[in-house]
Visitor: 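Once you've had a glance at the structure underneath, I'll fire off some questions.
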Amino acid sequence: MEQPDKGYEPRNVEKRWYDFWEEHQLFAANESDSRPGYSIVIPPPNVTGVLHMGHALNVTLQDILCRYHRLKGHNVLWMPGTDHAGIATQNVVEKKLAAEGRNRHELGRERFIDAVWDWRKESGSAIIHQLKRLGASCDWKRERFTMDDGLSLAVRTVFVQLYHEGLIYQGDYIINWCHRCHTALSDLEVEHEEVSGNLYQIRYPFCDHSGGIVIATTRPETLFGDTAVAVHPDDERYRNLPSESVLLPLTGRSIPIIRDAHVGMAFGTGALKVTPAHDPNDFEIGNRHNLPRPKVIDDNGRMTDCAGKFEGMDRFKCREAVVQALQDQGLLVGVEPYSHNVGHCYRCKTVVEPNLSRQWFVRAKPLAEKAIAAVQNGQTRIIPEIWAANYYEWLNNIRDWCISRQIWWGHQIPAWTCEACGKMTVSLTPPKTCDTCGHSVLIQETDVLDTWFSSALWPFSTMGWPENSPLLKAFYPTSVLVTGFDILFFWVARMMMMGIHFMEDVPFKDVYVHALVRDEAGKKMSKSKGNVIDPLTVMDQYGTDAFRFTLAAFAAQGRDIKMSEKRVEGYRHFINKLWNASRFALMHVSPDSADIPAGALTLPSQWILSRCESVARSAAEALETYRFNDAAGLLYQFVWHELCDWYLETVKPALYGKEGAPVLEQTRAVLWRVLKNTLICLHPFTPFVTEEIWHMLPGTRGSIMNARLPRDGDPGFGRFENTEAEQQMAIIISIITGIRNIRGEMNLSPSLKLNALIHTEHSQITETVHRHGDIITHLAKLEKLAVDLPGERPRAAATAIVEGAIVFVPLEGILDLAKETQRLEKEIEKLSLDLSGVSRKLSNDDFLGKAPEDIIGKVKAKHAALSEKQQHLQINLDKIKAMI
RNA sequence: GGGCGGGUAGCUCAGCUGGGAGAGCAUCGGCCUUACAAGCCGAGGGCCACAGGUUCAAGCCCUGUUCCGCCUACCA
């Protein structure tokens, strides 16, 4: 005989339903739909990428939002796509070539770019498949790529317009140069890292070779590019110098001593070597003093002819050699260990060199001002708000954005230089003639644009801009951008700038900034550290739903999420619990269960319906405010500890009871309704298992994705909310728990039937026990249950005190008197501690005079309850003691 | 140098506008009870980093100290 599945097996289920969703186009947005629109553009993963934890969190949160809004009845667009990731991708393909013993220079630009496209074709969709594994409900038919024709047109259009508006310019400036990637980098693409090096003190002698000025540097090899020594204008030490110039060591070149306020008098000797071509400050100083700016390190990291006999030497080798030479000549005054920050390439970690070169820049200030204003005036909300401060900070101090890169893979800058007059023509398409002189031979700029330039246009370029497309009309601005804080500046701020400039509206109404996923120890996951947890492995092992639920439950954490498989395992148990509870429910419900028959519902049914509606509402509220963890927690608590622990247990007698009884039909109907609504509420978090159960649930048709959330505004929603039922159920639960507690503490076998007597003065309790005593009898495994006004107490009884009542479990003959004495004493001690705290408050006139009424009332009630409880226990304790 | 976040149970973390300290995991005890041992029932466990302050009342607000982490920066 075929055994039913004991546990939930996600493997086949996930594949099956994902295919089903795609097949039925359930992810498709419709630009001519009248329903309220909801849109998200995905942060495009790099084409080189493989799914990591960061993607998993980011994509899961977006998917939860999209699925939630679909269940709300919205017309949802989740725009997917990938990023060409200029330097990163070029590096990957170059590495591949290197493995074959080739390099891009042999191939030439065109063939190299073809090779990159080929590579993208064969492996670029890996990341997309992995997103699908996660359940991502993107509208895949609309998938875009930052280098596809449409987006490339958008890039050129933006470039041309900004150029003509004077917001893009070309100029000679100090930029960050990576010798390995052989390109300029923007300031953001440089990672500063503390490195321990040396601070060298070098004497620059006066021209008569006497004395001199001692300067300090961490990069002695750059001295060949020095064109001055600078001191502070107010520095007394350098007031009357024997000479106004010094000899540059190892060269014999004479350089002037200049006065510039940039120099810090307190640092070292207060004298600074000025190397305009290789240091941003020195560059500024050089400009102020009209100094020449010779380059001493070339684009490959080797010394130029300026370095004399060191020409051609590697920059770091040269450093050693220069130090040695200086020492030989007695010009090295001192060396001290010095730790300082050094810039590294964010892609290949090579030490970057500040380097003078001709680059393209975006004038950022005017764009930034509007981006700041848009957040200040609430057009875009940043959530959590704390990140707005970082956003302002960066934009307020923004510097011009270096957008040109000396690589091949990317959008080639649409600028052409005239062979005849040397003037620039910037145009959407290759110009036939020079704008200035009309000459017809023009050469295109070889540089490509920073990858983030095209990313900055993503919210509107993907929707068809520069066309005024129906998609833009329907879905721009997008509802929310979900992203990690690591790209707040790289991406979010720049999308804001570009969106406002070109669309005259912000790109998104909300920005939800989530944490970064780290390993168990809180370290960044990286291949080199070997601490990477692969999301695919986790999904294989625990199922995608369990993984997604974990991510959602973690989403609240501040800046870090420490991922551990242990946690995922816990949530796998939850998925399995849901699975088993559903299996149980499915044994009892039928298509006829869809309508709840007229007639009074049993208390547990009233209660669970009330709870279900309340949880649905709270979970929805949590999602509306991006409190993913709260929503997940509410549903978890409800399913496990209310639906399973209490409701399913209370209704078993009815479900296994007499066929045809009204209570049976009723219970089946309630079970059906609660299960159905629970599945819908859970679906955004755990799409696969809920879809699977949905199809097993009689009376449902089609995909759960077409269902509607139970929520405010629905006809009939709220009609089951019932505070009285919740109160009565709370009484029953506390009585049962009290009796179970006695059983546990006394080590009484679960199979031993007990009697219980409840003393209470509260008619609500008396009535509840009278009407629903069967539930207590069943779940506390009682033989007899009675309720009475307080009076004669049974002999040798264990006691449980609950709010407003006292429960006796007579244990004549089996009560361990010593044990019960101990238990009661411990309990009383705990109570007196609580009680003394409360009493202190009530005897405090300040408290009584200043605290609000409701608080005082609460404390008084608390006091009464505690002392009543203590009294009861004390009486019992005395009684037991008398028996010993 | 500037800024930000965090220090709550053994572990990982919740704790919203101040009003009786929570969850999951782990631990201990009892249960194969007919959806589930990936389970059920129960228990123990916290000077909420430290020191002050504001308040009738502080995990929460203010000040300082300390430890950890991150971001940012042109002192060579």
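Numbered from 1 within each chain, the chains take letters A, B, ... in sequence-line order.
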Visitor: Just so I know, are the side chains of A/Asn844 and A/Arg840 near enough to count as touching, which here means a heavy-atom distance under 4.5 Å?
Guide: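 A side-chain contact is absent here, since even the closest heavy-atom pair is not under 4.5 Å.
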Visitor: Please name the residue in the list A/Thr625, A/Ile382, A/Thr483, A/Ile383 that meets the side-chain contact (heavy atoms from CB on, under 4.5 Å) test with A/Tyr512.
Guide: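 It is A/Ile383; the other options fail the test.
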Visitor: Let me know the distance between OH of A/Tyr636 and C1' of B/A38, rounded to the nearest Å.
Guide: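 Rounded to the whole Å, the gap is 11 Å.
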Visitor: A/Tyr636: which residues meet the ring-ring contact (aromatic ring centres under 6.0 Å, His included) condition with it, sequence neighbours left out?
Guide: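 A/Tyr571, A/Phe574, A/Trp640.
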Visitor: Would you measure the distance from the P atom in B/G64 across to the matching atom in B/U8 and give it in whole Å?
Guide: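 That atom pair is separated by 22 Å.
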Visitor: Report yes or no: does A/Asn355 contribute a side-chain atom to a donor-acceptor pair with the main-chain N or O of A/Trp177 at less than 3.5 Å?
Guide: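 Here the side-chain-to-backbone pair does not exist.
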Visitor: Find the distance A/Asn397:CG to B/G3:C1' and express it as a whole number of Å.
Guide: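 Distance check: A/Asn397 CG to B/G3 C1' gives 11 Å.
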Visitor: Check every atom of B/A35, B/C70, B/G29 against the side chain of A/Asn747 and return the nucleotide holding the closest atom.
Guide: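 The answer is B/G29, which lies nearest to the side chain.
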Visitor: Side chain of A/Phe554, heavy atoms from C-beta onward: which of B/C31, B/U12, B/G29 has the nearest atom to it?
Guide: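 Nearest nucleotide to the side chain: B/U12.
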Visitor: Give the rounded distance in Å between these two atoms: CZ of A/Arg840 and P of B/U55.
Guide: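 Taking atom P of B/U55 as the reference, CZ of A/Arg840 is at 19 Å.
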Visitor: For RNA chain B, list all stems, counting runs of three or more consecutive pairs where every pair is Watson-Crick or G-U wobble with both distances under 3.5 Å.
Guide: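 Stems found: B:1-7 with B:66-72, B:10-13 with B:22-25, B:27-31 with B:39-43, B:49-53 with B:61-65.
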Visitor: Please name all residues satisfying side chain to side chain donor-acceptor pair (under 3.5 Å) with A/Glu692, sequence neighbours left out, ordered by chain then number.
Guide: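 Per chain and number, A/Glu692 pairs via side chain to side chain donor-acceptor pair (under 3.5 Å) with A/Arg16, A/Trp17.
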Visitor: In terms of side-chain heavy atoms of A/Arg572, which of B/A38, B/C31, B/C71 is nearest?
Guide: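 The answer is B/A38, which lies nearest to the side chain.
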Visitor: Could you tell me whether A/Glu336 atom CD has more than 12 heavy atoms of other residues or ligands within 6.0 Å of it?
Guide: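 Check passes, neighbour count above 12.
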Visitor: Would a distance-only check, ignoring hydrogens and angles, find a side-chain to backbone donor-acceptor pair under 3.5 Å from A/Arg743 to A/Ser749?
Guide: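 Confirmed, A/Arg743 side chain pairs with A/Ser749 backbone.
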Visitor: Taking OH from A/Tyr391 and C1' from B/C71, how many angstroms apart are they, rounded to a whole number?
Guide: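 So the two atoms are 17 Å apart, to the nearest Å.
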Visitor: Describe the nucleic acid contact of A/Pro852 in one word from base, sugar-phosphate, nothing, applying a heavy-atom distance below 4.0 Å.
Guide: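 The residue A/Pro852 makes base contact.
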Visitor: Whole Å only: how far is the CE atom of A/Met746 from the P atom of B/G29?
Guide: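 Distance, rounded to whole Å: 18 Å.
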Visitor: Grab the N/O contacts between the protein and nucleotides 74-76 of chain B below 3.5 Å, and write none if there aren't any.
Guide:
unit_1 : atom_1 : unit_2   : atom_2 : d
B/C74  : OP1    : A/Arg399 : NH2    : 2.7
B/C74  : O2'    : A/Asn281 : ND2    : 2.4
B/C74  : N1     : A/Asn281 : OD1    : 2.9
B/C74  : O2     : A/Asn281 : OD1    : 2.5
B/C74  : O2     : A/Asn281 : ND2    : 3.3
B/A76  : OP2    : A/Tyr338 : OH     : 2.8
B/A76  : O2'    : A/Ala216 : O      : 2.8
B/A76  : N6     : A/Gly264 : O      : 2.8
B/A76  : N6     : A/Phe267 : O      : 3.0
B/A76  : N1     : A/Gly264 : N      : 3.2

Visitor: Looking at B/C56, B/C71, B/A35, which one has an atom nearest to any side-chain atom of A/Ala581?
Guide: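 Shortest atom-to-atom distance from the side chain points to B/A35.
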Visitor: Please determine if A/Arg617 and A/Glu624 form a salt bridge, counting it only when a charged side-chain N lies under 4.0 Å from a carboxylate O.
Guide: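 Here A/Arg617 does not pair with A/Glu624 in a salt bridge, since their nearest N and O are not under 4.0 Å apart.
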Visitor: Can you name the side chain to side chain donor-acceptor pair (under 3.5 Å) partners of A/Glu649, sequence neighbours left out?
Guide: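 Here the qualifying residues are A/Lys652.
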Visitor: Considering only nitrogen or oxygen atoms on both sides, find all protein atoms under 3.5 Å from nucleotides 40-46 of chain B and state each distance.
Guide:
unit_1 : atom_1 : unit_2   : atom_2 : d
B/C40  : OP1    : A/Lys577 : NZ     : 2.8
B/C40  : OP1    : A/Trp640 : NE1    : 2.6
B/A43  : OP1    : A/Asn741 : ND2    : 3.0

